[in-house]
Trainee: 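Here's a structure for you.
One-based numbering, in listed order, for ligands and for the atoms of each. Just so it is clear, the model here is predicted, and its values are computed rather than measured.
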Amino acid sequence: MTHERVLVTGGAGLIAGHCILQLLEQGYRVRTTVRSLTRESEVRAVLAEAGMVDGDNLSFVAADLTDDAGWSDAVDGCDYVLHVASPVRFGKTKNEDEIISPARDGALRVLRAARDAGVRRVVLTSAFHAVGFGHGHVDHLFTEDDWSPLHGPGVDAYGRSKILAERAAWEFMADQGGTMELATMLPVAVMGPALSKNVSGANHLIQQILAGRMPGYPNVWVPIVDVRDVAAAHILAMTSPAAAGERFLLASGPVVAMKEIGAILRGHFGDAAEKVPTRRIPNIVIRLAAHFNDEARSAAADLDYVKKISNDKARRVLGWEPRPASEAVIAAAESLIAKSHSTS
Ligand code: NAP
């Protein structure tokens with residue numbers, strides 16, 4: 001039993017929720033932030049349904065990434081901070097600053113407050129968007145040494161928010177971090193057990209496929225990681241001495257063809273996956289649809305490109321052992337089906 005205290009920012013989110021569950025399980029005292037304390041009971045209920053242990057060791061503080069209020073209370077007495085919260089919104093945005101400012105300035109607020117409170121280490125949730133986007137179809141094995149260009153092809157406002165926030169965090173550490181340490185996490189598309197009815201990040205893709213909202217599959221490949229493994233990596237990076245000052249790419253393994261995701265779902269769920277499409281959509285159709293449709297436009301940019309991504313560093317330095325992508329896909333689907341049937 002440890003008495004160390006960890007702040008996890010954004011407790012209503014998917015990755016943060018799994019971090020909280022695992023930290024409590026390991027005996028940590030956990031504090032989390034929500035934008036308004038009116039959400040505390042809802043978040044507690046969601047975590048309880050997911051099997052939370054020692055809920056008495058979890059407390060809540062109100063703090064918004066766009067405001068200084070609350071952050072010094074949030075970090076007070078904490079040994080570690082997992083800064084997970086950040087706006088997750090893909091595609092075109094009228095005012096990019098609505099995403100970039102909470103991501104970058106919010107990360108700086110958290111780092112400043114953490115340093116002033118004597119926090120030992122912050123683990124920041126960045127994203128593969130800060131590594132392997134905007135490079136075109138290069139034949140390259142992406143590692144933690146790579147950074148996405150801010151304005152490369154396929155880099156949207158969300159991608160820029162992740163690049164700018166992570167860069168700002170490393171710059172802060174170099175100039176003003178003092179003795180505090182930082183590690184950053186770079187997950188690819190996160191799938192796995194949904195905690196609430198809100199569908200986060202890449203679980204959307206599974207929802208679309210399950211519901212038959214896609215007529216077929218473009219010839220694109222998806223990098224996948226299970227949310228339970230993402231949470232485990234955050235906790236390993238929090239305490240592993242060798243993780244200080246390092247970035248970690250989190251991927252289950254090689255990218256998975258979108259058609260293969262459909263095959264995994266059909267293979268596992270049988271009749272319950274009857275709406276899951278079976279056919280591939282020819283490239284020419286995707287390219288034509290790209291003139292009218294945002295999703296087709298983003299798929300068109302990645303047609304036929306099999307990205308190579310290394311998870312070697314996280315395995316080697318953190319001793320991280322991710323599940324196969326198929327388990328993330330199946331767990332995501334199981335939870336989405338269960339949540340769609342539940343009345344709460
Ligand atoms: P999520 O469920 O949408 O969680 C996002 C969290 O950020 C929510 O708790 C949200 O709070 C909070 N947030 C957003 N704007 C905020 C603000 N202005 N002030 C305070 N909190 C704010 O998504 P997630 O997948 O768990 O994402 C968590 C982190 O992982 C993010 O940093 C994301 O960039 C990163 N990531 C996600 C993926 C993925 O595929 N899901 C992949 C790579 C990296 P509310 O509930 O109040 O909105």
Trainee: Can you name the atoms of ligand 1, numbered from 1 with element, that are less than 4.0 Å from a heavy atom of A202?
Mentor: 40 (O)

Trainee: For A85 and T9, which heavy atoms make the closest approach, and how far apart are they?
Mentor: N-OG1, 3.0 Å

Trainee: Run down the list T33, I15, N203 and name the one with the heavy atom closest to atom 25 (O) of ligand 1.
Mentor: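 Residue with the shortest heavy-atom distance to the ligand atom: I15.
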
Trainee: Can you name the atoms of ligand 1, numbered from 1 with element, that are less than 4.0 Å from a heavy atom of K162?
Mentor: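 Answer, ordered by atom number: 31 (C), 32 (O), 33 (C), 34 (O).
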
Trainee: So does D139 have more than 12 non-hydrogen atoms from other groups sitting under 6.0 Å from CG?
Mentor: no

Trainee: Output every pair passing side chain to side chain donor-acceptor pair (under 3.5 Å) with a member in residues 319-332, not counting sequence neighbours, ordered by first then second residue.
Mentor: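 Applying side chain to side chain donor-acceptor pair (under 3.5 Å) to every pair that reaches into residues 319-332, excluding sequence neighbours, yields D229-R323.
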
Trainee: I'd like to check whether S86 has a polar contact with ligand 1, where a contact means an N/O of the residue lying under 3.5 Å from an N/O of the ligand.
Mentor: yes

Trainee: Are F133 and H135 near enough that their ring centres are under 6.0 Å apart?
Mentor: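 That pair fails the under 6.0 Å test.
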
Trainee: Give the residue, atom name and distance (to 0.1 Å) of the protein heavy atom nearest atom 43 (C) of ligand 1.
Mentor: P187 O, 3.3 Å

Trainee: Test question: given the 4.5 Å side-chain rule for I, L, V, M, F, W and Y, name all other residues clustered with F90, or answer none.
Mentor: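 Other cluster members: V88, Y158.
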
Trainee: Measure the distance from atom 1 (P) of ligand 1 to every protein heavy atom, then report the residue, atom name and distance (to 0.1 Å) of the closest one.
Mentor: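 That would be S200 OG, 3.7 Å.
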
Trainee: Within the structure, is a non-hydrogen atom of R39 found at a distance of less than 4.0 Å from ligand 1?
Mentor: yes

Trainee: Give me the residue, atom name and distance of the protein heavy atom closest to atom 4 (O) of ligand 1.
Mentor: G13 CA, 3.5 Å

Trainee: Looking at atom 38 (C) of ligand 1, what's its closest protein heavy atom, distance included?
Mentor: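 In this structure, atom 38 (C) of ligand 1 has V190 CG2, 3.6 Å as its nearest protein heavy atom.
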
Trainee: Given V8, L65, V84, V225, identify the one with the heavy atom nearest to atom 19 (N) of ligand 1.
Mentor: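 Nearest option to atom 19 (N) of ligand 1, by heavy atoms: L65.
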
Trainee: If you have a sec, work out which protein heavy atom is nearest atom 18 (N) of ligand 1 and how many Å separate them, to one decimal?
Mentor: D64 OD1, 3.1 Å

Trainee: Looking at E49 and R44, does any basic side-chain N land under 4.0 Å from a carboxylate oxygen?
Mentor: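 Salt bridge absent between E49 and R44.
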
Trainee: Quick one: CG on L210 to CZ on R266, what's the gap to the nearest 0.5 Å?
Mentor: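 Rounded to the nearest 0.5 Å, the CG-CZ separation comes to 10.5 Å.
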
Trainee: Which protein heavy atom lies closest to atom 27 (O) of ligand 1, and at what distance to 0.1 Å?
Mentor: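 For atom 27 (O) of ligand 1, the nearest protein heavy atom comes out as V88 CG2, 3.7 Å.
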
Trainee: Only heavy atoms count here, so choose which of S36, A130, A85 is nearest to atom 12 (C) of ligand 1.
Mentor: A85

Trainee: What I want to check is whether the side chains of H137 and D304 have a donor and an acceptor closer together than 3.5 Å.
Mentor: no

Trainee: I want to know if ligand 1 touches A63 in the polar sense, i.e. an N/O pair below 3.5 angstrom.
Mentor: no

Trainee: In ligand 1, which numbered atoms sit nearer than 4.0 Å to a non-hydrogen atom of G201?
Mentor: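 Heavy-atom distances to G201 below 4.0 Å select 41 (N).
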
Trainee: So, the side chain of R109 versus the backbone of L65: is there a donor-acceptor pair under 3.5 Å, distance only?
Mentor: yes

Trainee: Considering only protein heavy atoms, which is closest to atom 47 (O) of ligand 1, and at what distance to one decimal place?
Mentor: R35 NE, 2.9 Å

Trainee: Is the shortest distance from a Lys or Arg side-chain nitrogen in E181 or R121 to a carboxylate oxygen in the other one below 4.0 Å?
Mentor: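 The answer is yes: the pair qualifies as a salt bridge.
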
Trainee: Can a non-hydrogen atom of S161 be found less than 4.0 Å from any atom of ligand 1?
Mentor: no

Trainee: Contact between V188 and ligand 1, counting heavy atoms under 4.0 Å?
Mentor: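 Distance cut 4.0 Å: V188 passes for ligand 1.
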
Trainee: Would you say K313's side chain and R247's backbone share a donor-acceptor pair under 3.5 angstrom?
Mentor: yes

Trainee: Give me the nearest non-hydrogen protein atom to atom 35 (C) of ligand 1 as residue plus atom name, then the distance to 0.1 Å.
Mentor: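 Among all protein heavy atoms, the one nearest atom 35 (C) of ligand 1 is T125 CG2, 3.7 Å.
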
Trainee: Please determine whether any non-hydrogen atom of Y158 lies less than 4.0 Å from an atom of ligand 1.
Mentor: yes

Trainee: I'd like to check which ligand 1 atoms, numbered from 1 as shown, lie under 4.0 Å from a non-hydrogen atom of S126.
Mentor: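 With S126 as reference, the close atoms of ligand 1 come out as 35 (C), 44 (C).
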
Trainee: Show the atoms of ligand 1 that are less than 4.0 angstrom away from any heavy atom in G10.
Mentor: 9 (O)

Trainee: Counting neighbours of CZ on R279 that are heavy atoms of other residues, nucleotides or ligands and sit closer than 6.0 Å, is the number greater than 12?
Mentor: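 No, not enclosed.
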
Trainee: State the CD-OG distance between E166 and S161, to the nearest 0.5 angstrom.
Mentor: 11.5 Å

